Amino acid sequence: MTAAPTTDGVLVDRYGRVARDLRVSLTDKCNLRCTYCMPAEGLPWLAGPQLLADAEIVRLVRVAVERLGVTEVRFTGGEPLIRPGLVGVVGAVASLTPRPRISLTTNGIGLHRLAPALRTAGLDRVNVSLDTLDRARFTTLTRRDRLADVLAGLAGAAAAGLTPVKINSVLMRGVNDDEAPALLRFALNHGYELRFIEQMPLDAQHGWDRTTMVTADEILGALGQEFDLTPDPAERGGAPAETWLVDGGPARVGVIATVTRPFCGDCDRTRLTADGQVRNCLFATEESDLRGALRAGADDAELARRWQAAMRVKRAGHGIDDPSFLQPTRPMSAIGG
Ligand code: SAM
Ligand code: SF4
C-alpha cells in the first residue's frame with residue numbers, strides 16, 4: 001500500500017474528503033437475526049483471539065482521536081450491548097483529549113438496564129433500530145419476540161438522557177412498508193428522531209434486490225400522505241441523513257438514501273472492525289490490518305500512518321449502480337453499520 005504523509009494529522013483521501021467520524025464495531029455477534037442482515041442460523045462468528053481486546057480498541061481510538069483528527073466515535077456491531085467491556089470502553093474513550101462525541105447504534109435489547117451506566121461513563125446518545133411497532137411482524141422480521149425489550153430500551157435511553165434518541169428503520173416491501181407514518185407518529189409522540197434507511201446490499205445471504213427495495217421517494221410519498229414535510233434548513237454537512245421538518249418543525253424526520261441518492265462525495269467516515277481492520281467504506285472490498293501491526297509492536301505513529309494510507313485510497317463512490325459492483329465479502333453485521 002502507498003505510504004501517505006504522516007504529518008498532516010488527518011485522515012484525508014485522494015478526493016480531499018476528511019474522515020472525522022469513526023465507526024467502531026465491538027462484536028460481530030447479535031441476539032437478533034434481522035432478515036435483511038443475517039441468516040436464521042447466524043454466521044461463523046469471529047473467534048476470541050481474533051477480536052480486539054478492550055485495551056486494543058481504546059488504543060486505536062486514542063490514535064484516531066489524538067493523531068488523526070477524529071471527533072466522533074460511534075460504537076456498533078453486531079450488537080454492541082452484548083460486549084461485556086462496553087461501559088469501560090466508553091469510559092476510556094470519554095477521557096481522551098480532545099474528548100470525542102460518543103454514540104452507540106444498538107437494537108435496544110438490554111439498553112433499559114445499561115443506559116444509566118453508559119450515560120455515567122460518557123456516552124452522549126444512541127440510535128436504536130426499530131423497523132415495526134407490531135409484535136408479530138417484529139418477531140418475523142428479527143426472528144425473535146423482543147419488541148417489548150426494544151421499546152423499554154428506547155424509554156430507558158431517553159430517561160437516562162442519551163438524547164436525542166434516534167430511531168433507525170429499514171422498510172421492506174410486503175413486510176413493513178405500510179408502517180412509515182405509524183413509525184413517525186410513534187417517534188413524534190415520544191420525542192425520538194426517526195430516520196429511515198434504504199435497504200443496502202450488505203446482507204450475508206445476498207438477498208438484496210434493487211427492484212424490490214423501498215426507495216426514499218416512496219418513503220417520502222407515504223409520509224407526505226399524513227404529514228407536511230419541508231426541507232430542513234439546517235446544514236447537512238457529512239451526515240448521511242437528508243432531513244425534513246415535520247408539520248413546520250421543530251420535529252424532524254430523516255432518510256438515509258444510500259442507494260438512490262448517494263452521498264459519497266461528502267462522506268466523512270472511517271471504520272474499524274471488531275477484528276481490527278480499517279475499512280474506508282461500508283462497501284470497500286479491501287481492508288487494512290491494524291490488529292497485526294498493533295500486536296507486532298507498532299508504535300502510535302506507525303498505526304496512524306497505516307490508517308492514513310488505508311483512507312487515502314478510498315474510492316470516489318460505492319458503485320452500487322456499476323455493472324461491476326461486487327458486494328463486500330463481510331456482511332453489515334461484521335463491518336459495523
Ligand atoms: N445491532 C445494532 C442495530 O441493529 O442497531 C447495530 C448494528 S446494525 C448492522 C446497524 C444498522 O444497520 C441497523 O440500524 C440496521 O437496521 C442496519 N442494517 C443492517 N443491515 C442492513 C441492510 N442490509 N441495509 C440497510 N441497513 C441495514
Ligand atoms: Fe443484529 Fe443489528 Fe443485524 Fe439486526 S441489524 S441482526 S440487530 S446486527
Side-chain angles (χ1 to χ4, degrees), residues 23-43 45-46 74-83 86 103-111 114 125-132 137-147 149-150 153-154 157 162 165-173 175-177 179 183 187 192-210 212-216 219 240-241 254-262 269 271-274 279 282-283 318 320 327-328 330-337:
R23 306 281 158 123
V24 182
S25 174
L26 295 178
T27 176
D28 57 331
K29 289 194 185 130
C30 191
N31 42 11
L32 294 184
R33 294 285 182 275
C34 303
T35 51
Y36 53 75
C37 183
M38 273 196 207
E41 65 279 13
L43 292 164
W45 312 121
L46 292 166
R74 167 86 60 94
F75 293 109
T76 179
E79 178 42 50
L81 293 183
I82 64 177
R83 179 149 183 144
L86 172 65
S103 58
L104 178 79
T105 298
T106 170
N107 63 28
I109 296 172
L111 186 56
L114 275 168
R125 52 166 215 86
V126 290
N127 278 40
V128 177
S129 302
L130 175 65
D131 306 321
T132 175
R137 278 186 183 183
F138 184 96
T139 307
T140 305
L141 216 154
T142 68
R143 303 190 181 97
R144 302 286 187 273
D145 184 8
R146 307 295 297 268
L147 176 62
D149 298 278
V150 178
L154 277 164
L162 294 171
V165 172
K166 296 190 182 178
I167 296 181
N168 292 351
S169 299
V170 176
L171 295 181
M172 298 179 77
R173 199 172 301 285
V175 179
N176 61 342
D177 56 335
E179 264 191 84
L183 284 162
Y192 308 143
E193 198 172 312
L194 176 65
R195 296 127 50 99
F196 291 97
I197 307 177
E198 280 182 345
Q199 192 187 347
M200 297 179 265
L202 287 171
D203 57 315
Q205 315 87 289
H206 292 237
W208 182 85
D209 176 356
R210 182 175 194 134
T212 59
M213 186 193 78
V214 180
T215 64
I219 296 165
V255 180
I256 301 180
T258 312
V259 181
T260 62
R261 303 180 189 183
R269 228 130 296 158
R271 295 170 188 276
L272 182 65
T273 64
R279 295 180 63 89
L282 259 181
F283 298 93
H318 55 47
I320 292 175
Q327 185 172 331
R330 248 189 223 263
M332 179 75 130
S333 56
I335 294 172

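The model shown is predicted, which means the values in this text are computed figures rather than measured ones. Indexing begins at 1, ligand by ligand and atom by atom, following the structure's order. Numbers here simply count residues along the sequence, with the first being 1.
In this structure, CG in Leu32 is found 10.0 Å from CG in Leu141, a value given to the nearest 0.5 Å. Taken to the nearest 0.5 Å, the NZ atom of Lys166 stands 13.0 Å off from the OG atom of Ser129. Between Tyr36 atom OH and Leu202 atom CG the span is 12.0 Å, to the nearest 0.5 Å.
Shown in contact with Asn107 at under 4.0 Å from a heavy atom are these atoms of ligand 2, numbered in order with element: 7 (S). Contact atoms of ligand 1 toward Glu198: 25 (C) (distance under 4.0 Å to a heavy atom of the residue). Atoms of ligand 1 found under 4.0 Å from any heavy atom of Thr106 (numbered from 1 in listed order, with element): 2 (C), 3 (C), 5 (O). Applying the 4.0 Å criterion to heavy atoms of Asn107 picks out, from ligand 1, the atoms 2 (C), 3 (C), 5 (O). Near Glu79, meaning under 4.0 Å from any of its heavy atoms, are these atoms of ligand 1: 1 (N), 2 (C). Residue contact check: Asn168 has heavy atoms under 4.0 Å from atoms 14 (O) of ligand 1.
Atom 27 (C) of ligand 1 has its closest protein heavy atom at Met332 CE, 3.6 Å. The single protein non-hydrogen atom nearest to atom 8 (S) of ligand 1 is Gly77 O, 4.3 Å, given as residue, atom name and distance. Of all protein heavy atoms, the one closest to atom 16 (O) of ligand 1 is Tyr36 OH, 3.0 Å. Closest to atom 2 (Fe) of ligand 2, if we only count protein heavy atoms, is Cys30 SG, 4.4 Å. The single protein non-hydrogen atom nearest to atom 3 (Fe) of ligand 2 is Cys37 SG, 2.4 Å, given as residue, atom name and distance. Looking only at protein heavy atoms, the nearest one to atom 26 (N) of ligand 1 is Val170 CG2, 3.7 Å. The shortest contact between atom 24 (N) of ligand 1 and any protein heavy atom is with Met200 N, 2.8 Å.
Between Ser333 and ligand 1, no pair of N/O atoms sits closer than 3.5 Å. Where the criterion is an N or O separation shorter than 3.5 Å, residue side chain and backbone included, Gly78 meets it with respect to ligand 1. The shortest N or O to N or O distance between Thr76 and ligand 1 is not under 3.5 Å.
Between the side chain of Arg271 and the backbone N or O of Gly336, at least one donor-acceptor pair lies under 3.5 Å. No donor-acceptor pair closer than 3.5 Å links the side chain of Asp177 to the backbone N or O of Leu171. Glu198 contributes a side-chain N or O that, together with a main-chain N or O of Ala216, makes up a donor-acceptor pair within less than 3.5 Å. At least one donor-acceptor pair closer than 3.5 Å links the side chain of Arg83 to the backbone N or O of Leu26.
Residues Val175 and Thr140 form no side-chain contact, since every pair of their non-hydrogen atoms from C-beta on lies 4.5 Å or further apart. Within the 4.5 Å cutoff, side-chain heavy atoms of Leu147 are placed close to those of Leu130.
Scored by the side chain to side chain contact (heavy atoms under 4.5 Å, CB included) test, Pro201 finds Trp208, Phe283, Ile320, Phe325, Gln327 as partners (sequence neighbours excluded).
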Could you go through Thr105 and Arg74, starting from their C-alpha distance and side-chain angles, then the distance that decides it, and tell me whether this counts as side-chain hydrogen bond (donor to acceptor under 3.5 Å, both in side chains)? CA-CA 7 Å; Thr105 298; Arg74 167 86 60 94; 2.8 Å; yes
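Residue nearest to atom 14 (O) of ligand 1, selected from Gly336, Ala334, Ser129: Ser129 (by heavy-atom distance).
At a cut-off of 2.8 Å, Cys34 is not counted among the residues with an N, O or S atom near atom 3 (Fe) of ligand 2.
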